[in-house]
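Below is one structure, written out as structure tokens; comments come after it.
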Amino acid sequence: MKAKAVIEVVVVFSLTLLLTALVGLSPIGKWERQVSNRFFIEYAVMIAFPLLWLVVTRRDLASYGLSLRPISYHLDVTATAFVPMAIANAVLGLVNYKHWTGALLMAGVHIALLWALGWLLQSKPTRNEHGTLAGVALVMAYSHLAQKVSLNNAISALLFYVFFLGLGEELFFRGYIQSRLNAVFGRPFQFYGVNWGWGVIITSALFGLMHVLNLGSLVMGAWQLTPWWGFWTFFAGLALGFVREKTGSIAAPTILHGLPQALAASLGFM
């Protein structure tokens, strides 16, 4: 069973990245980048292919993290975790995260982030008033600054980073891959009372590998492997994977992954 699951994950991982790259190299991908300078279509493939795989193989979508129930819980988790996640993304905009110095710093930031999330979420924050207020306050601060930037760019960034990049990577990695591996490896360990297992670690390693491969540079015509980018994104994957295990859904990880990047891009920090 374990070998079968690992082979399945490797096949789906490889096919998803291959299809994403092929679409990016196609004429429609080149046209898209000329128009929007983003990767909407490529991430649409990253959403569609794993989702199609789950439907064709008749998997229970809720067990793969595709659930919003109860939505109030996921929003409270998101609000509670938003401040440390936004701080981590703010550091990202200040360093060269593809160089070893910036990568080591980002790794340290995300290790600290993991412990911060564990502490903040150790009791289910269904009604964590302090976290909610802090999250709202930071969003309002970003919104005030965002008045100085293009509305079109802000809308484009929000759509791309939350509903394409955030949703695509979280559905693919923390939704499909992590859930599939959890089903066969189990979750024998605990971190701040949350069960986890090899699924989180392997998923984070594959998440890092995707960034090492750096398919964005491939479709831009100058493919360059970026091992240090992959190094620190492994630790980012652990933090997002923890939230996925905590909530049983990809809802909060999707927003936490995409929204801080959308705000940073809107303000010209990325």
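Below, each value reflects all heavy atoms present in this structure, side chains not excepted, and no hydrogens, waters or symmetry copies.
- One hydrophobic cluster holds both Leu61 and Ile177 under the rule that ILVMFWY side chains link at heavy-atom gaps under 4.5 Å.
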Step-by-step side chain to side chain contact (heavy atoms under 4.5 Å, CB included) determination, Lys4 to Val184
CA-CA 9 Å; Lys4 180 181 177 181; Val184 293; over 6 Å; no
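- Asn96 places no side-chain N or O within 3.5 Å of a backbone atom of Gly102 that could act as its donor or acceptor partner.
- Atom OG1 of residue Thr203 and atom CD of residue Gln178 lie 4.5 Å apart, to the nearest 0.5 angstrom.
- Note: Leu113 CG to Ile87 CD1 = 9.0 Å, rounded to the nearest 0.5 Å.
- The side chain to side chain contact (heavy atoms under 4.5 Å, CB included) with Phe172 is formed by just one residue from the set Ile47, Val12, Leu206, Leu167; it is Val12.
- The aromatic rings of Phe191 and Trp115 stand perpendicular to each other, their planes meeting at an angle above 60°, with 30° marking the opposite boundary.
- Here the two rings, on Phe185 and Trp196, have centers that are 6.0 Å apart or farther.
- For the pair Gly199 and Asn182, the tightest heavy-atom approach, listed with the atom from each and the gap, is CA-OD1, 3.7 Å.
- Ring pair Trp228/Phe231: centre-to-centre distance below 6.0 Å.
- At least one donor-acceptor pair closer than 3.5 Å links the side chain of Thr233 to the backbone N or O of Gly230.
- The salt bridge (Lys or Arg N to Asp or Glu O under 4.0 Å) search around Arg174 returns Glu170, not counting sequence neighbours.
- Using bins of under 30°, 30° to 60° and over 60° for the plane-to-plane angle, the ring pair Phe164/Phe40 lands in the perpendicular bin.
- The shortest side-chain heavy-atom distance between Tyr43 and Ile41 does not fall under the 4.5 Å cut-off.
- Between Leu158 and Leu259, some side-chain heavy-atom pair lies under the 4.5 Å cut-off.
- Phe49 and Leu19 make their closest contact through CD1-CD1, 3.7 Å (heavy atoms, listed as atom of the first residue, atom of the second, distance).
- Under the 4.5 Å side-chain heavy-atom criterion for Ile, Leu, Val, Met, Phe, Trp and Tyr, Val9 and Val56 are members of distinct hydrophobic clusters.
- Counting heavy atoms from C-beta outward, Leu121 and Tyr192 have side chains that stay 4.5 Å or more apart.
- A distance of 11.0 Å separates CD in Glu42 from CG in Leu22, rounded to the nearest 0.5 Å.
- Trp53 CH2 to Leu15 CG: the interatomic distance, rounded to the nearest 0.5 Å, is 7.5 Å.
- Judged purely by atom type and a 3.5 angstrom limit, Ser249 has no side-chain atom pairing as donor or acceptor with the backbone of Leu68.
- Listed for the Trp31 side chain is no donor-acceptor partner under 3.5 Å among the backbone atoms of Ser26.
- A continuous path of hydrophobic side-chain contacts links Val200 to Trp119 [ILVMFWY only; heavy atoms under 4.5 Å].
- Annotation: the span from Phe82 atom CZ to Asn89 atom CG amounts to 8.5 Å, rounded to 0.5 Å.
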| message | For Thr78 and Leu256: C-alpha separation, side-chain torsions, deciding distance, then whether side chain to side chain contact (heavy atoms under 4.5 Å, CB included) applies. | response | CA-CA 6 Å; Thr78 302; Leu256 292 170; 4.0 Å; yes
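- Between Met46 and Pro50 the shortest heavy-atom distance is O-CD, 2.9 Å.
- In terms of modelled atom types and a separation under 3.5 Å, the side chain of Thr226 and the main chain of Lys98 share no donor-acceptor contact.
- Summarising the geometry of Ala88 relative to His110, their closest heavy-atom pair is CB-NE2, 4.2 Å, with the distance given to 0.1 Å.
- Residue Val11 is not grouped with residue Leu18 when hydrophobic side chains (ILVMFWY) are merged at heavy-atom distances under 4.5 angstrom, including chains of intermediate members.
- Within the 4.5 Å cutoff, side-chain heavy atoms of Leu218 are placed close to those of Leu215.
- Under the 4.5 Å side-chain criterion, counting only non-hydrogen atoms from C-beta, Thr247 is in contact with His74.
- Taking the side chain as every heavy atom from C-beta outward, Ile201 and Trp198 approach each other to under 4.5 Å.
- The closest side-chain heavy-atom distance from Leu165 to Gln261 is below 4.5 Å.
- Of all the heavy atoms in Phe13 and Met210, the pair that sits closest is CZ-N, 4.5 Å.
- Using the six-membered ring where Trp is involved, Phe173 and Phe207 have ring planes that are perpendicular, over 60° apart on the 30 and 60° scheme.
- Within the 3.5 Å criterion, the main-chain N or O of Val219 finds a donor-acceptor partner in the side chain of Arg33.
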Report task. Please test Leu114 against Phe242 for side chain to side chain contact (heavy atoms under 4.5 Å, CB included), starting from the C-alpha separation and ending with a verdict. Result -> CA-CA 8 Å; Leu114 176 60; Phe242 169 75; 3.7 Å; yes
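- For Leu52, the CG atom sits in a packed shell: over 12 heavy atoms of surrounding residues, nucleotides or ligands are nearer than 6.0 Å.
- Within the 3.5 Å criterion, the main-chain N or O of Ser179 finds no donor-acceptor partner in the side chain of Ser63.
- Leu25 and Ile28 fall within the same hydrophobic cluster, where Ile, Leu, Val, Met, Phe, Trp and Tyr residues are linked whenever their side-chain heavy atoms come under 4.5 Å apart, directly or through other members.
- The side-chain heavy atoms of Tyr64 and Leu171, taken from C-beta on, include no pair separated by under 4.5 Å.
- In terms of heavy-atom proximity, Ser67 sits nearest to Ala251 at O-CB, 4.2 Å.
- The distance from the NZ atom of Lys246 to the CG atom of Asn195 is 10.5 Å, given to the nearest 0.5 Å.
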